[in-house]
Engineer: 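Structure below; questions to follow.
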Amino acid sequence: MPVIAILGAQWGDEGKGKVVDQLSEEASMVIRFSGGDNAGHTVINPHGEFKLHIVPSGIFYPTTTCLIGNGVVINPARLIGEIDNLNNSGIDTGRLVISDRAHLVMPYHTLLDELEEKSRAGKAIGTTLRGIGPAFTDKTARLGIRAGELLDKKGLLERLSSIMEFKNKLLTKVYGADPLSIEVVFQQYCQYGERLAPHIKDTATLIQTALANDELIILEGAQGALLDPDFGTYPYATSSSPLSGGACLGSGISPKCIDRILGVFKAYCTRVGGGPFPTELNDEMGDLIREQAHEFGTTTGRPRRCGWFDAVAARFSHQINGFTGIALTRLDVFDILPELKICTAYKFNGKIIDYFPAGATDLEKCQPVYEELDGWQSDTTHIREFDELPAKAKKYIARLEESIGCRTNIVCVGPRREQTIESSPVL
Ligand code: GDP
Ligand code: IMO
Ligand code: MG
């Protein structure tokens, strides 16, 4: 059985949660490998509708181990809230495992996220304010506190005291904010530690055993390729890698072991927060797509910016991820439109280019060059076989496949688990 990475291929919110839930039935393990509770993965299945932020989307299957990998940053209060919500809905979370190497989001991280955003004034990134950037900064600066440290109170107090002394100077002297009480934070995190202790483990052994037994492992991405801190629209990016390379780092699985890399794309583009977005529709069409598709952030509730499918960005996403197949979601959102557009190139400084520029400033200057296609104007939400899709919908999909350079394995025609068409085998 293979290892499959399921990754966001655009600016996040492509429908990863739905696809992971749909494919997890036979998985022995689902591993979240990056991000934190900035993610919001919607799953609608026979158990109800769920918004998962840190818990992997395989949690609804009784035999699937759900692992929060070393590459995730965890806000323990939010994770506990999520576990409680799932339990209240009758979902067992006994198979949830937290890597002892995963870093923790601390109260000063969320506070600093807010203060940093305020200090950026007109140039704010539009973060989710979940402390993600400051937590990953501390990980790299070797100032982070890891989940495993919650199991050793004495050691925790020692490290927390020296780190917080420094953080309090930053809060008070740079930002003019109030300091945080070391004692209060320590007590709070001791309580979280007691609650989460049964879940915190050295996950390396678990993962290696699953690999050795040839079990199906799903690596669940968060965010999307165009938010990657190296290859995304920097500095309008997140702080951990949502790419296939990030999946290896954030789980401890070798690239040699990854058999399939499924890129999740929506049939159009959205983004939340600031940053360049060449195909953005600041008009009635953008509003129509937002309303039709209920494009409002799962984590923050912010209206998502909407635009046509950007094949230049999609090709780039394929290049840096090496997709073996595509999961195309939200095709049904286009059921009512008479005409569709795909951006196949950019006009940049008077020239036509077909690559994705590195700098946000250059990308801001790119004008989309569109190809127009007919809409199919019929309901696809009940369709379960690829051949039954309207010819014009199949043509739209074929143009996307051609322009990205990769085939679809899955086409989604609605948010529910069963509103899924397998256009070619994932495995
Ligand atoms: P994620 O972060 O990638 O998991 O995506 P989100 O959950 O943030 O946003 C995707 C939204 O699209 C959710 O509201 C899903 O329920 C919904 N969704 C997923 N696939 C489809 C689809 O094929 N059609 C429609 N109409 N909605 C979908
Ligand atoms: P899922 O997993 C969409 C965006 C934020 C902001 C930028 C940086 O649901 O697809 P951060 O809080 O990470 O420092 O914010 O990244 N962002 C997302 N956008 N979906 C997400 O996750 C996102 N996670 C972060 O809106 O623009
Ligand atoms: Mg989301």
Engineer: Kindly indicate whether the side chain of Phe136, heavy atoms from C-beta on, has any atom under 4.5 Å from the side chain of Asp138.
Structural biologist: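 No. Closest side-chain heavy atoms not under 4.5 Å.
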
Engineer: Under a 3.5 Å distance rule, please check whether Thr299 uses its side chain to pair with a backbone N or O of Asn38 as donor and acceptor.
Structural biologist: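 Flag set: sc Thr299 to bb Asn38 pair under 3.5 Å.
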
Engineer: Do Val73 and Ile132 have side chains that approach each other closer than 4.5 Å (heavy atoms only, starting at C-beta)?
Structural biologist: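 Val73 vs Ile132: side chains touch.
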
Engineer: Would you say the side-chain atoms of Thr420 and Lys18 include a donor-acceptor pair closer than 3.5 Å?
Structural biologist: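 There is such a pair (donor and acceptor under 3.5 Å, judged by atom type) between the side chains of Thr420 and Lys18.
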
Engineer: Taking Glu215's backbone N and O only, do any of them form a donor-acceptor pair with Asn213's side chain (distance below 3.5 Å, no angle check)?
Structural biologist: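 Checking the backbone N and O of Glu215 against the side chain of Asn213, no donor-acceptor pair under 3.5 Å is found.
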
Engineer: When the ring centroid of Phe334 is compared with that of Tyr396, is the distance short of 6.0 Å?
Structural biologist: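 Centroid separation for Phe334 and Tyr396: below 6.0 Å.
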
Engineer: Quick one: pull up CD in Glu364 and CZ in Phe277 and give me the separation to the nearest 0.5 Å.
Structural biologist: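 Glu364 CD to Phe277 CZ: 12.0 Å, rounded to 0.5 Å.
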
Engineer: Does the side chain of Thr93 come under 3.5 Å of the side chain of Asn87 through a donor N or O and an acceptor N or O?
Structural biologist: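 Side-chain D/A pair, Thr93 to Asn87: present.
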
Engineer: Using salt bridge (charged side-chain N to carboxylate O under 4.0 Å, His left out), reason through Lys123 and Glu117 one step at a time and then give a plain yes or no.
Structural biologist: CA-CA 8 Å; Lys123 296 270 181 202; Glu117 276 289 81; over 6 Å; no

Engineer: Please report the closest heavy-atom contact between Ala360 and Tyr236, naming both atoms and the distance.
Structural biologist: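 Between these two residues, the closest heavy atoms are CB-CD1, 4.2 Å.
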
Engineer: What closest approach, in Å, do Ser240 and Pro229 show between heavy atoms, and which atom pair accounts for it?
Structural biologist: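 Scanning both residues, the minimum pair turns out to be O-CD, 3.4 Å.
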
Engineer: Rounded to the nearest 0.5 Å, what separation is found between the CZ atom of Phe309 and the CG atom of Leu328?
Structural biologist: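 Phe309 atom CZ to Leu328 atom CG measures 7.0 Å (nearest 0.5 Å).
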
Engineer: side-chain hydrogen bond (donor to acceptor under 3.5 Å, both in side chains) for Asp113 and Thr127? Distances and angles first, verdict last.
Structural biologist: CA-CA 8 Å; Asp113 199 358; Thr127 74; 3.1 Å; yes

Engineer: Side-chain contact, heavy-atom cut-off 4.5 Å: Phe323 with Ser317?
Structural biologist: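 In contact.
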
Engineer: How about Thr233 and Trp11: do any of their side-chain heavy atoms sit closer than 4.5 Å?
Structural biologist: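 Yes; the side chains approach each other to less than 4.5 Å.
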
Engineer: Strictly distance-based, threshold 3.5 Å: is any side-chain N or O of Arg32 a donor or acceptor partner for the main-chain N or O of His53?
Structural biologist: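 A pair under 3.5 Å: yes.
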
Engineer: Looking only at side chains, do Thr279 and Asp310 share a donor and an acceptor under 3.5 Å apart?
Structural biologist: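 Their side chains do not contain a donor-acceptor pair, so the 3.5 Å distance test is not met.
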
Engineer: Please determine, by modelled atom types, if Thr408 and Ser423 share a side-chain donor-acceptor pair under 3.5 angstrom.
Structural biologist: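 Distance-only check passes for Thr408 and Ser423.
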
Engineer: Classify the side-chain pair Asp37/Asn75 by whether it contains a donor and acceptor separated by less than 3.5 Å.
Structural biologist: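 Note: Asp37 and Asn75 side chains miss the donor-acceptor criterion.
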
Engineer: State whether a side-chain donor-acceptor pair under 3.5 Å links Asp335 with Thr380.
Structural biologist: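 Side chains of Asp335 and Thr380: pair found under 3.5 Å.
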
Engineer: Which one of Arg330, Arg305, Arg290, Arg271 satisfies the salt bridge (charged side-chain N to carboxylate O under 4.0 Å, His left out) criterion with Glu295?
Structural biologist: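 One option only clears the test, and that one is Arg330.
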
Engineer: Donor-acceptor pair, Arg95 side chain versus Tyr61 backbone, under 3.5 Å?
Structural biologist: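 Present.
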
Engineer: Looking at Tyr268, is its backbone amide N or carbonyl O close enough to the side chain of Gln10 to form a donor-acceptor pair, meaning the two atoms are under 3.5 Å apart?
Structural biologist: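 Yes, because the side chain of Gln10 sits within donor-acceptor range (under 3.5 Å) of the backbone of Tyr268.
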
Engineer: Asp84 vs Arg195, test: salt bridge (charged side-chain N to carboxylate O under 4.0 Å, His left out). Steps then yes/no.
Structural biologist: CA-CA 11 Å; Asp84 288 344; Arg195 173 75 198 272; 2.8 Å; yes

Engineer: Leu262 pairs by side-chain contact (heavy atoms from CB on, under 4.5 Å) with which of Leu7, Leu23, Asn321, Val20?
Structural biologist: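 So the option named by the test is Leu23.
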
Engineer: State, yes or no, whether a side-chain contact exists between Arg407 and Ile326 at a heavy-atom distance under 4.5 Å.
Structural biologist: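 Of all side-chain heavy-atom pairs linking Ile326 with Arg407, none is under 4.5 Å.
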
Engineer: Of the non-hydrogen atoms in Thr324 and Asn409, which two are nearest, and what is the gap between them?
Structural biologist: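 Taking Thr324 first and Asn409 second, the nearest heavy atoms are O-OD1, 4.4 Å.
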
Engineer: Suppose we call two aromatic rings close when their centres sit under 6.0 Å apart. Are Tyr355 and Tyr346 close by that rule?
Structural biologist: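 For Tyr355 and Tyr346, the ring centres are not under 6.0 Å apart.
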
Engineer: Under 3.5 Å, is there a donor-acceptor pair between the Gln187 and Gln191 side chains?
Structural biologist: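 Absent: no donor and acceptor within the cut-off.
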
Engineer: Could you tell me which non-hydrogen atom of Phe33 sits nearest to which non-hydrogen atom of Gly246, and how far apart they are?
Structural biologist: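 Shortest heavy-atom separation between Phe33 and Gly246 comes out as CD1-O, 3.4 Å.
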
Engineer: Can Val3 and Leu219 be said to form a side chain to side chain contact (heavy atoms under 4.5 Å, CB included), step by step?
Structural biologist: CA-CA 7 Å; Val3 178; Leu219 295 167; 3.8 Å; yes

Engineer: Are the side chain of Thr300 and the backbone N or O of Gly297 linked by a donor-acceptor pair below 3.5 Å?
Structural biologist: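 Such a contact is absent between Thr300 side chain and Gly297 backbone.
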
Engineer: How many angstroms lie between CG in Leu170 and CD in Glu165, if you round to the nearest 0.5 Å?
Structural biologist: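 These two atoms lie 13.5 Å from each other.
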
Engineer: Would you say the side chain of Leu52 lies within less than 4.5 Å of the side chain of Glu82, judging by non-hydrogen atoms?
Structural biologist: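 Heavy-atom side-chain distance check passes, below 4.5 Å.
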
Engineer: Could you walk me through whether Lys16 and Glu220 pass salt bridge (charged side-chain N to carboxylate O under 4.0 Å, His left out), step by step?
Structural biologist: CA-CA 8 Å; Lys16 299 174 289 294; Glu220 176 174 356; over 6 Å; no

Engineer: Let me see the working for Lys266 and Asp13 under salt bridge (charged side-chain N to carboxylate O under 4.0 Å, His left out), right down to the final yes or no.
Structural biologist: CA-CA 8 Å; Lys266 346 188 150 177; Asp13 303 328; 5.6 Å; no

Engineer: For Tyr370, is the NZ or CZ atom of Lys341 found under 6.0 angstrom from the centre of its six-membered ring and inside 45 degrees of the ring axis?
Structural biologist: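 That pair qualifies as a cation-pi contact.
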
Engineer: Just so I know, are the side chains of Leu96 and Ile68 near enough to count as touching, which here means a heavy-atom distance under 4.5 Å?
Structural biologist: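 Of all side-chain heavy-atom pairs linking Ile68 with Leu96, at least one is under 4.5 Å.
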
Engineer: Considering non-hydrogen atoms only, spot the tightest contact between Asp228 and Ser241 and give its length.
Structural biologist: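 Heavy atoms of Asp228 and Ser241 come nearest at OD1-OG, 2.8 Å.
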
Engineer: So, taking the atom named SG in Cys269 and the one named CZ in Arg304, what distance separates them when rounded to the nearest 0.5 Å?
Structural biologist: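 The SG atom of Cys269 sits 13.0 Å away from the CZ atom of Arg304.
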
Engineer: Within the side chain of Glu14, is there an N or O that forms a donor-acceptor pair under 3.5 Å with the backbone of Gly12?
Structural biologist: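 It does hold such a pair.
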
Engineer: Please report the shortest heavy-atom distance between Ser24 and Thr64, naming the atom on each side.
Structural biologist: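 Nearest pair, atom of Ser24 first, then Thr64: O-OG1, 3.6 Å.
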
Engineer: Using side-chain heavy atoms (C-beta onward) and a distance below 4.5 Å, is Pro107 in contact with Gln188?
Structural biologist: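 Yes, their side chains come closer than 4.5 Å.
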
Engineer: Could you walk me through whether Phe60 and Phe50 pass the ring-ring contact (aromatic ring centres under 6.0 Å, His included) check?
Structural biologist: CA-CA 10 Å; Phe60 304 96; Phe50 301 88; 4.7 Å; yes

Engineer: Kindly say whether the aromatic ring centers of Phe166 and Tyr108 come within a distance under 6.0 Å.
Structural biologist: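 Not close enough - the centres of the two rings lie 6.0 Å or further apart.
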
